Every structure is written in C-alpha cells, then in structure tokens.
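One structure is given below, encoded as structure tokens.
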Amino acid sequence: MSRAGHCRVWPVQDYDLASTLSCGQAFRWVPDRDGWVGVVRGRWVRLSAGNGWVQARTAVPQRDWRWLTDYLQLEVNLAEISASWPQDPPLRAAWAACRGLRLLRQDPWECLASFLLSACKAIPQIQALIARLCACYGEAVPVPPGQSAAWSFPSPERLATLPESSLRRLGMGFRAPHLLAAARAVADGQLDLARLPRLPLAKARERLMQLPGVGPKIADCVLLFGCGFQRAFPVDVWVARALRESYFGGRRVPAGRLREFADAHFGPHAGYAQQYLFHHVRTMPAAQRRLSA
DNA sequence: TACCAGGAGAGCG
DNA sequence: CGCTCTCATGGT
C-alpha cells in the first residue's frame, strides 16, 4: 500500500473501531457494510478494521495522514492507561467488557457545538440533529463515485451569521441560543479554542463554562474529547448511575462530588475510565454487570 | 399519558 | 450547599 493516495492501512493492537466510533463520544459516524463512513476535519473518510489493523479510504488522495492518525489516536498505548487505574472490580469489569475502546481526539469546535446540542437528548436524536445541522449549514465535501453526499461540520463563522429561528427550525429547542452564543464567541475570537489545551485543566474548564449552556458536564466533554485533557471526567446521567451503583452503595450523590471522587480515585487517565464505565453501563444490563464484577 | 433523554441555570430554604 | 422547576423536542 503506497503512503500517498486514497487508501492507507495501519497496524494497531487492541483497537475496537466499532465501539470507538459508536460509543457516544462522536456523533457523525454511519455504519457502512463492514466499515464506517464519516467526515473528519472536512474530509470524507471510510474506515474499516480487522484483527491488528485499521484501514482508511478517502475521496481525495492524501499526502499527509496526520489529521486522521491524530483523530484516531493510533499511537496511544491502552495497556499503559489501564495500568494507571486502580484495580477495583467495577472498572476491571468495564475494561474487560469494552476491550479496545479508544478515546478520539476531535476538533474542539465540533465537540463544543455537538455537546451543546446533546443536553437532555438521546444519542440517536443527537446524531439526527447534528446530521441536519451539517446538511443545512456545512459545506459539501468531495465523496467517491457512488457514495452519498457529505458535508463538513459548519464553521462558527457560518453559524454566527444565522438568526436563532433558523437553528430552532432544525429542532434544537432551548439549545439554539446556546449554540449561537458559542459560535459568536469563537468567530469573534473572544474564545480561542486552540489555546485551551495549553491552559491548566481548571482554567480551561472555567473558560468554557463562561458560555451560556456550558456547565461542568459539557465543558468536560470538550476538554476530554477535543482538547486532550485525559483527567477531565464528564458526569452525565449514565456515569452518575454507574458510579452511585459501584462506589456509593446506590445512594444519590451530587454530580460535583462524583467528579471529585473520580479525579482522586481514577487518577491521570480518569477520562478514559469514564468512557469505559459509560459504554459498559449503556450496553450491558445491570444484572450481567454485577455478575462480571 | 407520563416519563426520559450524555444539562444548565435560576430560585428557594 | 442541595433541592426543584423550567427550558424544547421527540421517542417509548
């Protein structure tokens, strides 16, 4: 396989592509026969995987594949991450059940916009809403012959020009003004997302939470999935449920306290642990979870 | 019909 | 601080 072209294969151990693309950290991947089709940083790409390899096909020849290898985090060593975790039964059970699940490194703006829209919605609805947003306000990207049309994620500059009513028409409800305010802040240069990864975690979180509609949970999603803060720990209803069930005897605990517990308990890669707990609790019935733990 | 969905924010005791 | 209510919409 030539290094420059439409196609590329990478050898990689313990990479569960299906879990990684469908576990709720990214919302634009669509199953396609034995693979997945999506748009990453404005490029159409089809991914497939087998035992020990991941393959990509693009619409346009690629000279430099770093936009994709960085997105897929191919160089990350999962064993080192799990070795940094505590050896408690609930986490080991999630680790065993979700073998090969990876965190992606996504575009921060797409991440911020997507999770603003995720508030209080089911994942399939989030996917559908984001698909409508891209089809209406993204730019058409080249696709291979015979493939259905695809769009880039709309830029903050583009969304900032829209009236709120245009966004509400897509079914965003109360999230529409939040997305609009975020688009304007980024387009204005008032919020520099590219700078966030160089700030201390607490500062970066504080900065994001100045936006209307961005609280601790959405801020942590952007920091973990888009800025590379491995310690960020988004607490949503599912993770809260999993933590209460496994570490607090089923008692109800405020989200802030759960995040503090997680930070102290799971350590420098707490965010990775969060995704395993999230995926596990969402894909496995409670009785079966307790059995394997 | 009632309830829930990868929340946030205001109001209240 | 911790609880409750509201925000808008679509799905079981």
Side-chain angles (χ1 to χ4, degrees), chain A residues 19-29 94 98 101-104 106-108 110-133 136 162-183 185 191 205-227 229 232-246 248 251-262 266 270-286 289:
Chain A
S19 297
T20 298
L21 300 182
S22 67
C23 73
Q25 56 177 325
F27 300 102
R28 298 195 63 199
W29 291 100
C98 311
L101 176 65
R102 305 287 181 131
L103 288 185
L104 301 167
Q106 303 181 58
D107 173 68
E110 177 169 344
C111 212
L112 171 58
S114 297
F115 280 97
L116 267 173
L117 298 179
S118 78
C120 219
K121 265 189 172 307
I123 289 182
Q125 292 178 268
I126 301 167
Q127 293 170 331
L129 175 57
I130 291 175
R132 291 195 293 276
L133 178 70
C136 285
L162 299 174
E164 188 182 309
S165 58
S166 298
L167 295 177
R168 281 191 185 261
R169 256 197 297 280
L170 298 176
M172 289 181 193
F174 63 84
R175 305 160 195 84
H178 299 162
L179 178 59
L180 198 50
L191 172 60
R205 180 187 286 130
E206 188 182 308
R207 189 72 196 81
L208 285 168
M209 285 176 60
Q210 288 173 359
L211 293 170
V214 178
K217 192 272 173 180
I218 292 177
D220 279 356
C221 285
V222 177
L223 296 170
L224 179 63
F225 303 136
C227 298
F229 285 98
F233 195 93
V235 177
D236 73 310
V237 290
W238 292 94
V239 171
R241 198 171 297 161
L243 292 179
R244 282 201 309 265
E245 196 179 286
S246 298
F248 291 87
R251 296 189 311 277
R252 50 188 268 106
V253 185
R257 188 172 302 280
L258 287 180
R259 217 186 57 233
E260 288 168 23
F261 160 78
F266 297 118
Y272 239 103
Q274 176 271 162
Q275 201 60 26
Y276 274 76
L277 294 171
F278 176 78
H279 192 55
H280 191 216
V281 73
R282 271 177 40 82
T283 53
M284 195 93 57
R289 281 203 312 278

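Remember, it's a predicted structure, so these values are computed and weren't measured experimentally. Letters go in sequence order (proteins before strands), and every chain restarts at 1.
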Does [X] have any salt bridge (Lys or Arg N to Asp or Glu O under 4.0 Å) partners at least two apart in sequence or in another chain, and if so, which?
{"X": "A:R207", "value": "none"}
{"X": "A:D236", "value": "none"}
{"X": "A:R132", "value": "none"}
{"X": "A:E206", "value": "A:K203"}

Distance between P atoms of B:dA2 and C:dC5 (Å, rounded): 16 Å
Residues forming a side-chain hydrogen bond (donor to acceptor under 3.5 Å, both in side chains) with A:R205, sequence neighbours excluded: A:D220
A:R175 side-chain N/O to A:A119 backbone N/O, donor-acceptor pair under 3.5 Å: yes
Calculate the interatomic distance between [X] atom [atom1] and [N] atom [atom2]; express it in whole Å.
{"X": "A:Q125", "N": "C:dT12", "atom1": "CD", "atom2": "P", "value": "9 Å"}
{"X": "A:I126", "N": "C:dA8", "atom1": "CD1", "atom2": "C1'", "value": "14 Å"}
{"X": "A:R168", "N": "C:dG10", "atom1": "CZ", "atom2": "P", "value": "12 Å"}
{"X": "A:L129", "N": "C:dT9", "atom1": "CG", "atom2": "C1'", "value": "10 Å"}
{"X": "A:L116", "N": "C:dA8", "atom1": "CG", "atom2": "P", "value": "16 Å"}

Contact residues, residues 170-182 of chain A to DNA chain B [heavy atom, < 4.0 Å]: A:F174
Contacting residues from residues 233-241 of chain A, given that a heavy atom lies under 4.0 angstrom of DNA chain B: A:P234, A:D236, A:V237, A:W238, A:V239, A:R241
For A:F266, ring-ring contact (aromatic ring centres under 6.0 Å, His included) partners two or more places apart: A:F233, A:Y247
With A:E260 via side-chain contact (heavy atoms from CB on, under 4.5 Å) - residues at least two apart: none
Gap between atom OG1 of A:T20 and atom CD of A:Q275 - 0.5 Å precision: 9.0 Å
First-last contacting nucleotides on DNA chain B - partner chain A, under 4.0 angstrom, heavy atom: B:dA5 to B:dG9
Sugar-phosphate only, base, or nothing, as touched by A:L211 at under 4.0 Å among non-hydrogen atoms: sugar-phosphate
Touch class at under 4.0 angstrom, heavy-atom based, for A:Q127 against every strand present: nothing
Pairs touching residues 113-129 of chain A that satisfy side chain to side chain donor-acceptor pair (under 3.5 Å), sequence neighbours left out: none
Residue pairs, two or more places apart or on separate chains, that pass side chain to side chain donor-acceptor pair (under 3.5 Å) and touch residues 162-173 of chain A: A:E164-A:R168, A:S166-A:R169
